[in-house]
Every structure is written in structure tokens, then in C-alpha cells.
Amino acid sequence: MRWLTAAVVLVAVLAGLLRWRRPAWYWLSFGVTFATCRVLGRYRAVMDACGLTVPPPRWRLAIARMANRPVPEPRAPRILRLRPTRTGLFLRLGLRPGQDAFDVAASCDRLRHSFGMFGVTSREIRSGVVELRMTGYDVLRRVQMPARAERSTMRVPVALREDGDVHYRDYRTTPHALTIGATKSGKSVYQRNLIAELAAQEVALVGIDCKQGVELFPLARRFSALADNPDTAADLLDALISHMEDVYQLIRAEQRITADTPDADIAADIWDLPDHLRPVPVVLLVDEVAELALFATKDEEKRRDRIITALARLAQLGRAAGIYLEICGQRFGSELGKGITMLRAQLSVRTAHRVNDETSANMAFGDIAPDAVLATVQIPISAPGLAITGDASGGWSRIRTPHTSLRAAVDACNKHAHLTPDLPALDAFRPVLASPAVPVAIPAPAAPATP
């Protein structure tokens, strides 16, 4: 018996060590079994305590009275499927007559405590069927993206969601996005990860980085055009609009709307064109939008109006021409001037990292998901990369981007530099890949005068 006791103690110590140091390994080795037993063993009692049961039907009560049997117990939702995953459990429930999916969603926090899980979220699959997604540990504490994340044209994985699923950026479904976040909140890492994923796609990357290019110019080998100041940015946006108009002329020339043309052959955007005629899609990344909206003189005000108008036109008209916007900034509010709220209305996807004021969170989510505003201002400073994301449908969730260093992003861009398309309309803004620069001498501060 001593060897058996020693083995049990050793397994218990191993389980505790894994739970502390490697929660994902603990879940796959021990946690999934314990959690499944807890869910199945406590299911009926938990559902009754959470008010997710319905009284038995009258015909069962009548039969029980006639047969002098005990009164049937209230009925809980049927378990249609229980499937373990690498991060938790999927529990698919069939609702009883009279139950509503909102009742299950409102009880998620109580179900989390009752089943001993880290998190529980629910979503309606179809009428009468609800799926509970349970996470067994904090998947956002140490982000580990799946080894085989799905990738397709203009759809790339960028982060991990709190329910263990991969968060994708799908440009063909939601063309334009707004990303905000304070300094050291993880916004730049999110942008690097997005660029590193897009670098492997057949796409033209166009960047505007008004911090003299310190964020985007290291990735210049994969960019078709770059601007590092507001004056160049204004000219670049005008060139993009001209490119958009040329693409529309191509689409009109290929529409071929005649009586005998099948509906599927009528082109309304670049994705309806034949492969040999389809222009390469363009993703425009603006690193700091506030720098484009600020002005101090009359000339700068005219330039600012020109830039914001061009961005609004690209957001309204660019989708069919294959032009997609990624607007990033530390601060995004109505005080940036006219046209900002009109631009925001075209940005369907909103992602907010930690912000320094509630106004920025309201600007991001106030018009689509007011509940996400409170979640945004509660992001701790000790969790860089943690963000709230939502879209125009009103849904939102917590995500966290895996740490991507600037070196890793540069390597990805250099590896796929041969995919950089040549856009004639943007040739004047193509980054010049010069030889290593000579170190710039920074003058030392003047010594204080001696009395």
C-alpha cells in the first residue's frame, strides 16, 4: 500500500504543479475529467438553483395523481452534446417549452461558480438550442494561439478570445476598423501581429505613420506606400482615391449587364471580377489618427479637412474597390473636429485596449455596445494586449493579442517581401530601401553655468 500512497501523492503534487505553472497542460491531463464529472453530477441541482427549470407538464401530474406516485421533479434543459476542448467544455442545451435563451445568458455567472469553471458564455444556435462555452482556466493570462488557425483570403487570426476561440479579422465581412489604446496598452503589438499575418496574403499594404515612421518603416519591405508626415499623408490619400476611381472604371467595364448574362457573372466589386482582372486589395493602416486631425494654423486646418474628407470617402466608397481601413490612435473623440464622427460611423469593427479616459471608450462603443464601455475602462494596466472588441451587431468580447516583437514582424515582412505588389498610382510613395543609415549624433545637453 505504500507504493500506492506514494503514487497518489506524486500525482497530486504533479497536478498541483501543472495547475500553477502550466494551466493548459493541467486542463488537458486532469482538469477536463474533473470538470466533466462536476457538470454532469451537479447539472440538475444547479439548473434548479439558477431558475432554469420548468414545472412538469400537466399530463405527467395527472398520471402521477392517478397512479398515486410522487410528483415529478421540475425539468431542466436537455443536454444535447457535451464536448471537451483544449480550453474548456462545449455544452449544447435543448430548451424546454417556455424557456428563453436570455434566461440562460443571464445565469452565466452563477453557472460559472456552480460548475467551478473560469468563465461561461452562452450563444443561441437556433430556436430552442443554446450553447454554453466554458473555459477551464484563464486563457488570456498566457496567450497561446492554436497551431493550426484557419486562414483564408482577407481573413487572418489576430488574437485569442476569452472563450478560447480565435479572433479573426475578416475584411470581406467587416471592411473597416477602429483600434484605440493608451501608451503601453498593447495597441502597437496588435498592429504588428495584424501586419505579420497580412504579409503572407496577396494584398497591398499602405501605411501612414506620423511618428516619423518609427512604427511602420521597419516593415517597409512589405509596404507598397508609406507616409511619415501629414503633408505626405494628404497626397497619399488623394492618390488612393484616384486608384479607387480607376478600379471602379474597371468594374463598370466588366459588368456586362445584358439580358443573357447570368446574375452570378455581374460584377459589383473586385471579388466578382475574374482572377486575371481582379486588382489587388489594399489595406490602409493609419498609426495615429489624431496627428492627422490636429492643426495650429489656417494652412494646417485646410490640410486637416482634406485628410479627414479623404478618409471618410475611402471608408464610404472603398469597400467595393477592395480598399480597407485600419484606423489606430491613442485618443479618438469628437474634439478632433468635424468629420470625425462621420468617419467613425463607417468603422464597423471597434477594438479598445486600455484607455486613459471614459470618453474614448464611449467614442468606441457608445453607439454600438454600451455594456462594453464599462469593460473597457476596467482593463488593468498590468495586462498589456488585453482589449475589448465589438462590431455593429452589438456583440462584444474580451481578446488578447499574442506578443509579437518588432523583430518578428520585420522578419515576417522580409520573408514575404516578394509579394509586395506594384501599384502605379502609388509609385511616388513607395518606401526607399536605403543602405544602413549613418548614426545621427545627438548633441549633449549644455552644462549648467557655474556661479
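Values below: every heavy atom of this structure, side chains too, minus hydrogens, waters and symmetry copies.
In plain terms, the two heavy atoms of Phe365 and Ile388 that are nearest each other are CZ-O, 3.3 Å. The minimum heavy-atom distance linking Leu343 with Leu347 is given by the pair O-CG, 3.3 Å. Considering all non-hydrogen atoms of both residues, Thr87 and Asp163 come closest at OG1-O, 4.0 Å. When all heavy atoms are compared, the tightest approach of Leu292 to Cys210 is CD2-SG, 3.4 Å. Heavy atoms only, all atoms of each residue included: Val203 and Leu198 are closest at CG1-O, 3.3 Å. Counting all heavy atoms, side chain and backbone alike, Val166 lies closest to Pro157 at CG1-CB, 3.5 Å.
Side chain of Ser185 to backbone of Ala182: a donor-acceptor contact under 3.5 angstrom is found. Under the 3.5 Å distance criterion, the side-chain polar atoms of Thr420 are matched with a main-chain donor or acceptor of Arg221. Under a 3.5 Å cut-off, the side chain of Glu124 and the backbone N or O of Val130 do not form any donor-acceptor pair.
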Taking distance alone, no hydrogens or angles, what donor-acceptor pairs closer than 3.5 Å link side-chain atoms of residues 308-316 to residues at least two apart or in another chain?
from	atom 1	to	atom 2	distance (Å)
Thr309	OG1	Asp305	O	2.7
Gln316	NE2	Ala312	O	3.4

Please list, one pair per line, the donor and acceptor atoms closer than 3.5 Å that link side chains of residues 233-245 to other protein atoms, with sequence neighbours excluded.
from	atom 1	to	atom 2	distance (Å)
Asp235	OD1	Arg306	NH2	2.7
Asp238	OD2	Arg306	NE	2.8
Asp238	OD2	Arg306	NH2	2.5
Ser242	OG	Asp238	O	3.2

Kindly list each side-chain donor-acceptor pair under 3.5 angstrom involving residues 28-40, sequence neighbours excluded, with atom names and distances?
from	atom 1	to	atom 2	distance (Å)
Ser29	OG	Trp25	O	2.7
Ser29	OG	Tyr26	O	3.3
Thr36	OG1	Val32	O	2.7
Arg38	NE	Phe115	O	2.9
Arg38	NH2	Gly116	O	3.3

Contacts under 3.5 angstrom, residues 368-385 side chains, donor-acceptor by atom type, not counting sequence neighbours:
from	atom 1	to	atom 2	distance (Å)
Thr376	OG1	Ala372	O	2.8

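A cation-pi arrangement is not found for Arg86 relative to Trp27, the charged atom failing to lie both closer than 6.0 Å to the ring centre and inside a 45° cone about the ring normal.
With respect to the salt-bridge test (charged N to carboxylate O, under 4.0 angstrom), the residues Arg407 and Asp411 qualify. With respect to Arg169 and Glu197, no salt bridge is recorded, no charged nitrogen being found less than 4.0 Å from a carboxylate O. Salt bridge Arg350/Asp391: absent, no basic N to carboxylate O contact under 4.0 Å. A salt bridge links Asp109 to Arg112: one of the charged nitrogens lies within less than 4.0 Å of a carboxylate oxygen. Arg278 and Asp272 are not joined by a salt bridge, as no carboxylate oxygen comes within less than 4.0 angstrom of a charged side-chain nitrogen.
Counting only residues at least two apart or in different chains, ring-ring contact (aromatic ring centres under 6.0 Å, His included) contacts with residues 168-191 comprise Tyr171-Tyr324, Tyr190-His353. Counting only residues at least two apart or in different chains, salt bridge (charged side-chain N to carboxylate O under 4.0 Å, His left out) contacts with residues 183-196 are absent.
In this structure, CD in Glu326 is found 13.0 Å from CD1 in Ile208, a value given to the nearest 0.5 Å.
When only modelled atom types and interatomic distance are considered, Ser360 and Asp357 share a side-chain donor-acceptor pair under 3.5 Å. For the residue pair Glu131 / Ser122, no side-chain donor-acceptor distance below 3.5 Å is found, with atom types taken as modelled.
The number of heavy atoms from other shown groups lying within 6.0 Å of CZ (Arg151) is above 12. The number of heavy atoms from other shown groups lying within 6.0 Å of CD (Glu300) is above 12. Residue Lys211 qualifies as enclosed at atom NZ: its count of foreign heavy atoms under 6.0 Å is above 12.
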*Just do the side-chain hydrogen bond (donor to acceptor under 3.5 Å, both in side chains) check on Asn229 and Thr232 with the steps written out, would you?*
CA-CA 6 Å; Asn229 60 77; Thr232 309; 3.0 Å; yes

*Carefully, step by step, assess Thr341 and Arg344 under the rule side-chain hydrogen bond (donor to acceptor under 3.5 Å, both in side chains).*
CA-CA 5 Å; Thr341 54; Arg344 181 194 66 165; over 6 Å; no

